[in-house]
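The block underneath contains the structure these notes are about, expressed in structure tokens.
Each chain gets a letter, A, B and so on, in the order the sequences are listed, and its residues count up from 1. Values in this document were obtained by computation on a predicted structure and should not be read as measured data. All values below come from the heavy atoms of this structure, side chains included, with hydrogens, waters and symmetry mates left out.
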Amino acid sequence: MHFGFTPTQEQLRAEVKAFCEQELTPEAAAEFASGVGPGPAAKEFYRKLGAKGWLTVSWPRKYGGLDGSHTDQLIVSDELEYQGVKSNRVGSSMAGPTILLCGGEETKAEWLPKIAAGGIEFALGYTEPDAGSDLAALDIRAVEDGDDYVINGSKIFNTATHYADYHWLGARTDPNAPKHKGVSLFIVDLTSPGITIKPLWVLSGQRTNVVYYDNVRVPKRNLVGEKNRGFYHIATALDFERMFPCGGIRRDFHRVVATARETTTNGRPQGKDPLVRQAIAEFAAELEVAELLSYQMAWLVDNGTVPTKEASMNKTYVTELEGRLGDLAMHIFGPRFMLREGSKWAQAEGAGAWNYLSSYVSCIYGGTNEIQRNIIATRGLGLPR
Amino acid sequence: MDFGLSPEQDILKTTARDFFAEQAPTTLLREMRNQRPPYPADLWKKMADLGWMAIAIPEKYGGVGGSIHDLMVLVEEMGRAAFPGPLFTSLIGGIAIDILGSEKQKAELLPPIAAGKAVASLAILEPSLSMGADGIALTASHSAGGYSLSGTKLFVSDVEAADYLVVAARTGEGSGEDGISAILVNVKSAGSRLSVTRLDTVPVEDYYEVVFDGVVVGESAVLGQAGQAWNGLNRVAQIAAVAKCVDMVGAGQRMVETAVAHAKERVQFGRPIGSFQAIQHHCANAATAVDSARLIANKAVWMLNEGMECTKIVSMAKSFGADSHRRVTQLTHQVTGGVGLIIEHDLPMFTYRALASELLFGTPAEHRELVAQELGL
């Protein structure tokens, strides 16, 4: 048992920190904080990260990675999140790993280096109006026609489609097969004729989208993995999505603690209030656990395990922890919790309401926390379906 | 990072798990709760033969020379088996003497403890119920040739089975951490000025009130330097607190397995109740609570083992572990329903034991206060 980082890993974290201090411009930082996705400055920052290999540390060098471990990747992502950078990109943390695991050599050679370089981004194309938690019920149709598939239907809650280059699309290719066995995965150029993207704003100020497909033609070679095995490829990738870096939560927690130390109520620093002390200490332990769950995930993957139960525990725990950070900040800030960053009376750089509200989002996306608990119970504990 | 055990520790874990399953079935454990002393003598001897009381005692004092981590591997299996009696007390008592005693004292006291022929029990907590140095009020006043101890200790474990008490006492004028000594009291020869009363608790383990009314000991009864014992006592208390965390993890794991097995077998409405989402989520939440508590407990074990400064991690682990364990207890009872409430069922043994693990060596609130101090609040 060993819970420390190696000197090389400590150095890696320090390098990432120094890099952000040097390269993360105010414009890029503002774009990351905006909730509408990266603009030109943030995209430029991603290309710089790509040039360092930090988007895809654990990938083989021939595809633009560093041949590093998942633990190293998590260290990089963790520090990036602490610095305010959104580290979980769809291309590098979901589409890419799925291509690595399930894609043919041609697909790998075509897409992986571009993802690693940070020049292109993907958007997830899973959820539909009638296929949320029941993902296998997705109904957008892809029909073979010559060298192409022709796709018709619609998607909802497809975040990132408005700024990404490609859609990582799950579509039904065999309507007569059992529902898990008739889905395939496609890479679709989001500028293809017939695609319409409409914004959908959620309560936390983040943008997601509705996407309509009207006779969109996709070349056959853009099918990823095996035809009709897409649902299984998706399930594998979801285990990777749930390696949650906690750097952003840790940074905001530090801000909340500093606020408690510095703010005086009725002549007494809030940090001297026993209830505040108890609440902060409780959160500190929970945050420690969240980080250990994430690093345990990385360690399991590094040791050749595909974690399922652990991935679901990690997702559930971290997203609910985000909400509890909101509870804590609300307790300490009082009405000032509602203020946005930049407002005269805002505390802790606005680390209040927006984070709290975004936990409502994160407990739903990536498989609702109810679905995660079903996975823990059935796949992890062997309870009957 | 490495979240796993060494091959030797895997063997220890398997040996301990098999031993408790064979030698200490739950039927026997229930009987043991009503026996004095609780163990059949042959069971204690078998454990001594396995070297368990010796596990963390250095080889030069007749021990096995294992690490704190090795000790914790055994403790997790004890928790899993809800194994009662003085083994836990003996392990912590041995560590206390190893940390606090002089070379001479260790050479004399540790070999019999390692061999299972003597048990020392730690006596720190007092009616103030404070785990801090300020909570120590028992006095040991110096007189010709020795000390006279007066005061009360509470929740001292397994005193009837113990040969020695390691007593935290004030020998100096100072307050706080200053002037606290660790004094060895021989229970069997202390005489009528030491009164020992078993506390009438719910059926957790054996805890006692020990009243010192001028108990006289010699100069050599002071472990280490007089007045300088607080740091050592605090480290022993930290190890004990983390051992309670690890015990709760072992117990919690068993409770989850018990609840899951029940949910697979129990049929209502024509289906196993484990197919109902409400039951599944209780099980998933309980499993997450145990796995989370294991991670933070293990990190504390590792830091203790490495000799790092670990006030914060110990207190995080103990407060988190206790709260998680209470949640596991509640959830697994909810899943097992009426049958889990019957005292012949395995679960109540764990439910009782949970109380002592959660509340001794620092309550969750006390530990959270320490974390707050460590965070600079």
Rounded to the nearest 0.5 Å, what separates atom CG in B/Leu331 from atom CE in B/Met255? 10.0 Å

Aromatic plane relationship, A/Tyr360 with A/Tyr356 - under 30° parallel, 30 to 60° tilted, over 60° perpendicular: perpendicular

Between A/Val318 and A/Ala290, what is the shortest heavy-atom contact and its length? CG2-CB, 4.1 Å

Nearest atoms (heavy-atom pairs only) where B/Phe350 meets B/Gly79: CE2-O, 3.4 Å

What are the two closest non-hydrogen atoms of A/Ala285 and B/Phe320, and how far apart are they? CB-CB, 4.0 Å

Who wins among B/Ala263, B/Ala293, B/Ala365, B/Ala317 for the most heavy-atom pairs under 4.5 Å with chain A? B/Ala365

Just so I understand: if I count every heavy-atom pair under 4.5 Å between each of B/Pro364, B/Ala287, B/Pro272 and chain A, which residue has the most? B/Ala287

Let me know if B/Leu370 has heavy atoms under 4.5 Å from chain A in its side chain, its backbone, both or neither. neither

Choice from A/Gly380, A/Pro269, A/Gly4, A/Ala298 maximising heavy atom contacts with chain B below 4.5 Å: A/Gly4

Ring-plane angle category for A/Phe3 and B/Phe3, please: parallel below 30°, perpendicular beyond 60°, tilted otherwise. perpendicular

Report yes if some heavy atom in the side chain of B/Val260 is under 4.5 Å from a heavy atom in the side chain of B/Val335; otherwise report no. no

Across all chains, not counting sequence neighbours, the side-chain contact (heavy atoms from CB on, under 4.5 Å) partners of A/Ala279 are A/Leu328

Any donor-acceptor pairs between chain B and chain A, under 3.5 Å? If so, list them.
| unit_1 | atom_1 | unit_2 | atom_2 | d |
| --- | --- | --- | --- | --- |
| A/Met1 | N | B/Gly4 | O | 3.1 |
| A/His2 | N | B/Asp2 | O | 2.8 |
| A/His2 | O | B/Asp2 | N | 2.8 |
| A/Arg261 | NE | B/Gly376 | O | 3.4 |
| A/Arg261 | NH2 | B/Leu375 | O | 2.8 |
| A/Arg277 | NE | B/Glu369 | OE1 | 2.8 |
| A/Arg277 | NE | B/Glu369 | OE2 | 3.2 |
| A/Arg277 | NH1 | B/Leu377 | O | 3.1 |
| A/Arg277 | NH2 | B/Glu369 | OE2 | 2.8 |
| A/Arg277 | NH2 | B/Leu377 | O | 3.3 |
| A/Gln278 | OE1 | B/Arg368 | NE | 2.7 |
| A/Gln278 | OE1 | B/Arg368 | NH2 | 3.3 |
| A/Gln278 | NE2 | B/Ala365 | O | 2.7 |
| A/Glu288 | OE2 | B/Lys299 | NZ | 2.7 |
| A/Lys309 | NZ | B/Asp291 | OD2 | 3.3 |
| A/Glu370 | O | B/His281 | NE2 | 3.2 |
| A/Arg373 | NE | B/Asn285 | OD1 | 2.4 |
| A/Arg373 | NH2 | B/Asn285 | OD1 | 3.2 |
| A/Asn374 | OD1 | B/Gln277 | NE2 | 3.0 |
| A/Asn374 | OD1 | B/His281 | NE2 | 2.6 |
| A/Leu381 | O | B/Lys264 | NZ | 3.3 |
| A/Pro384 | O | B/Gln280 | NE2 | 2.9 |

With chain B, the option among A/Ala281, A/Ala260, A/Gly271 that has the most non-hydrogen atom pairs under 4.5 Å is A/Ala281

